[in-house]
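These notes are about the structure you will find just below.
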Amino acid sequence: MKNIAPAIFPPNGIGDTEPTNQAVLDWVQEIGKLTKPENIFWCDGSERESEFLISESLKQNVLIKLNEKKVSRSYLHRSNPNDVARVEKFTFICTPTKNEAGPTNNWSEPAETYAKLQGLLNGAMRGRTMFVVPYMMGPPDSPLTKVGFEITDSKYVVLNMRIMTRMGKAALDRLGTDPTAEWNRGVHSLLDVDPDRRLICHFPQDNTIISVGSGYGGNVLLSKKCLALRIGSYLARKQGWMAEHMLILGVESPEGKKHYVAAAFPSACGKTNFAMLIPPAYFKGWKVTTIGDDIAWMQIRNGQLYAVNPENGYFGVVPGTSYQSNPNAMKSIAHDTIYTNAALTDDGDVWWEGKDDARPMHALDWRGNDWSPASKEKAAHPNSRFTTPMRNNPALDLDVEKGEGVPISAIIFGGRRSDTVPLVYQAFDWNHGVYLGATMASETTAAAAGAVGQVRRDPMAMLPFCGYNIGDYFQHWIDIGKRLINPPLIFNVNWFRKGVNGQFLWPGFGENMRVLKWIIDRCEETGGALKSPIGWLPSPHDLDLAELDIDHKCVAEILGIDHEEWQKEIAAHGKFFDSLGGVVPEELQKKREQLASRFRE
Ligand code: GTP
Ligand code: SPV
Ligand code: MN
């Protein structure tokens, strides 16, 4: 097997910070014996370490240095063309019984799976360096915060983990020396990046993740989807909190009244953009700030839901990001950023479809091949990504490090739907909101391998990320509701409805402030709404559309509900529930019957 990740040899003082926790040392020994690396590199998250890793990555062509004047201290990485997105079909939940993983997950038996993975990992790091990455998810003083260790043979993974998590000393301090302390064990090896030897396996009962054969972020930055969502959701249910695929934003009125909202949209459906929203000029004095752009951990305090962002950086979608659509993201990624699978211009800058700059006349595409505007292929991969620290975000909320989290006034669900689903509506109550989440659907995107643009049910945007039986997950939502004295109001949005000409009906991005404002008005009990069969709907004059260039017909269309389309939709909800084979709580079945009967009234 060709060694795609040759060992590196650090000078004294780099790579030698061994943790003091004996359980960690024992585990690293064990994995070392199995994978047989050339050497072990103990990461501490320091500046010196990062500089050394970057210089070695440049030598091995893992990174390409970008033009310092265009994007300072930033790099381009090209992943293997067979390895550009999450692979849901190779992602497994390994619980003792299939029923614990439930009808929406791939399941495999733990003992057999460990044995298979041991076979794959045997000698896998020969001639390579084994990096041990200690990391912490969540602010240092939050009760929800978790420690993890990721063993990897990829320098790209280490450099990304350094941006995405609180890596190094903070994690070691949090863990301490208690050998019985709880922490997540993560093992990753690139192997030979062969799709036939690619597996992302979760062992929730053992708090363990093993990922092999991929180098793509969502499969290998084990902190993110693997720990913070799949293992996280499993722990959350057991311990009475919530781990959700949600952004968290703050919205402050000109009078200084502030609310926080959390929103679950499926992959590549607008979380990062919504989390960094800049209100249009008309909303003078309104401020939106970011707590998180992808994952929310929420707990109940005094009968209210409080959220923290477990991450420390953003792994965001590159294409479509521009000063027009998302200036805060553009400023964030102007320095200290790793780009994956973007195009490289002749002057050492990165370029992608939808960037403000004019198309270059020549570039190297995401594979490194010559590209010109005449090329049929896209210059940047549709799922090209940036990794950037959250401190780069000009709109970062000041309470992002607050351990208790921020109180959530509203929860928003939303998918990418060309038809049927109106711009925004509000659930009648918590359990009806759970129903909206449980039945949401979205067109598939390039964030996961497979067909793009197919409508699929993606409950709470958690279909690929719920680490246990989805029926129990729905019940967990219902149970959380019972414990809330001041539950957040629940909404559904759809930025992606299209008109007959196939164009988006709604301008989206910053203009989504108008929808957010209505949501805040509803929380403040000042916003108007009409009772419709699907929930509370704003009428056109309930939304503040001043100074927006949109015609009345368009507004009526995006706020409208078409009875014929909804008959199909309700049937699809029923079909989806049936497909889950009897795990759906009675309460949600009842909500479906009530929805159907409201249409008959
Ligand atoms: P993940 O990181 O995969 O979880 O994605 P995400 O949910 O954070 O999505 P993101 O904000 O990166 O947006 C994905 C794509 O949708 C980008 O190409 C955006 O330009 C586009 N997009 C985001 N918001 C809007 C919107 O309001 N309207 C339209 N039309 N497109 C949007
Ligand atoms: C998603 O797909 O929802 C992402 C990107 O946020 S990944 O980290 O690859 O999962
Ligand atoms: Mn995501």
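Counting convention: from 1, in listed order, for ligands and their atoms alike. Side chains are part of it too, since the values below use all heavy atoms of this structure and drop only hydrogens, waters and symmetry mates.
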Does the residue Lys271 have a heavy-atom contact with ligand 2, meaning some pair of atoms that are separated by less than 4.0 Å?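 Under 4.0 Å: no for Lys271.
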State whether the side chain of [X] and the backbone N or O of [Y] hold a donor-acceptor pair below 3.5 Å, judged by distance alone.
| X | Y | value |
| --- | --- | --- |
| Asp83 | Ser214 | no |
| Thr289 | Ala395 | no |
| Asp349 | Thr345 | no |
| Gln426 | Arg522 | no |

For atom 7 (S) of ligand 2, what is the closest protein heavy atom, and at what distance to 0.1 Å?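 Sorting protein heavy atoms by distance from atom 7 (S) of ligand 2 puts Gly218 CA, 3.5 Å first.
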Nearest neighbour in protein (non-hydrogen) for atom 4 (C) of ligand 2: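 Ranking protein heavy atoms by distance from atom 4 (C) of ligand 2, first comes Lys225 NZ, 2.9 Å.
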Taking non-hydrogen atoms within less than 4.0 Å of ligand 1, which protein residues qualify?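 If the criterion is a heavy atom under 4.0 Å, then ligand 1 touches His245, Pro266, Ser267, Ala268, Cys269, Gly270, Lys271, Thr272, Asn273, Asp294, Phe315, Val317, Pro319, Gly320, Arg385, Arg416, Trp495, Phe496, Phe504, Gly508, Phe509, Asn512.
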Return the set of protein N, O or S atoms whose distance to the Mn ion (ligand 3) is under 2.8 Å, each given as residue and atom.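 Lys225 NZ, His245 NE2, Asp294 OD1, with waters left out.
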Which ligand 2 atoms, with their elements, are less than 4.0 angstrom from a heavy-atom of [X]?
| X | answer |
| --- | --- |
| Phe315 | 8 (O), 9 (O) |
| His245 | 3 (O) |
| Asp294 | 6 (O) |
| Ala447 | 2 (O) |
| Tyr216 | 9 (O) |
| Ser267 | 1 (C), 2 (O), 3 (O) |
| Lys224 | 6 (O), 8 (O) |

Identify whether the distance between the nearest side-chain nitrogen and carboxylate oxygen of Arg456 and Glu88 falls below 4.0 Å.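 Salt bridge present between Arg456 and Glu88.
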Does a salt bridge link Asp294 with Lys225, judged by any charged N lying under 4.0 Å from a carboxylate O?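 The answer is yes: the pair qualifies as a salt bridge.
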Mind checking whether [X] and [Y] have parallel, tilted or perpendicular rings, split at 30° and 60°?
| X | Y | answer |
| --- | --- | --- |
| Tyr339 | Trp352 | parallel |
| Tyr216 | Phe315 | tilted |
| Tyr156 | His77 | parallel |

Within 45° of the ring axis of Phe90 and under 6.0 Å from its six-membered ring centre, is that where the NZ or CZ of Arg198 lies?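 The answer is no, since Arg198 fails at least one limit relative to Phe90.
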On the six-membered ring of Trp518, is Arg514 placed so that its NZ or CZ lies under 6.0 angstrom from the centre and within 45° of the ring axis?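 No.
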For the residue pair Ser233 and Tyr468, what are the closest heavy atoms and their distance?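 Heavy-atom minimum between the residues: O-CE2, 3.2 Å.
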Ala363: what forms a side-chain contact (heavy atoms from CB on, under 4.5 Å) with it, not counting sequence neighbours?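 Ala363 satisfies side-chain contact (heavy atoms from CB on, under 4.5 Å) with Pro360, Trp371 only.
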Pairwise side-chain hydrogen bond (donor to acceptor under 3.5 Å, both in side chains) hits with a residue in residues 492-510, at least two apart: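 Passing the test, one end in residues 492-510: Trp506-Asn512.
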Test side chain to side chain contact (heavy atoms under 4.5 Å, CB included) on Asp293 and Lys271; report intermediate values, then the result. CA-CA 6 Å; Asp293 84 321; Lys271 287 182 301 302; 5.6 Å; no
For atom 5 (C) of ligand 2, which of the options Glu88, Met164, Arg385 provides the nearest non-hydrogen atom?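 Among Glu88, Met164, Arg385, the closest heavy atom to atom 5 (C) of ligand 2 belongs to Arg385.
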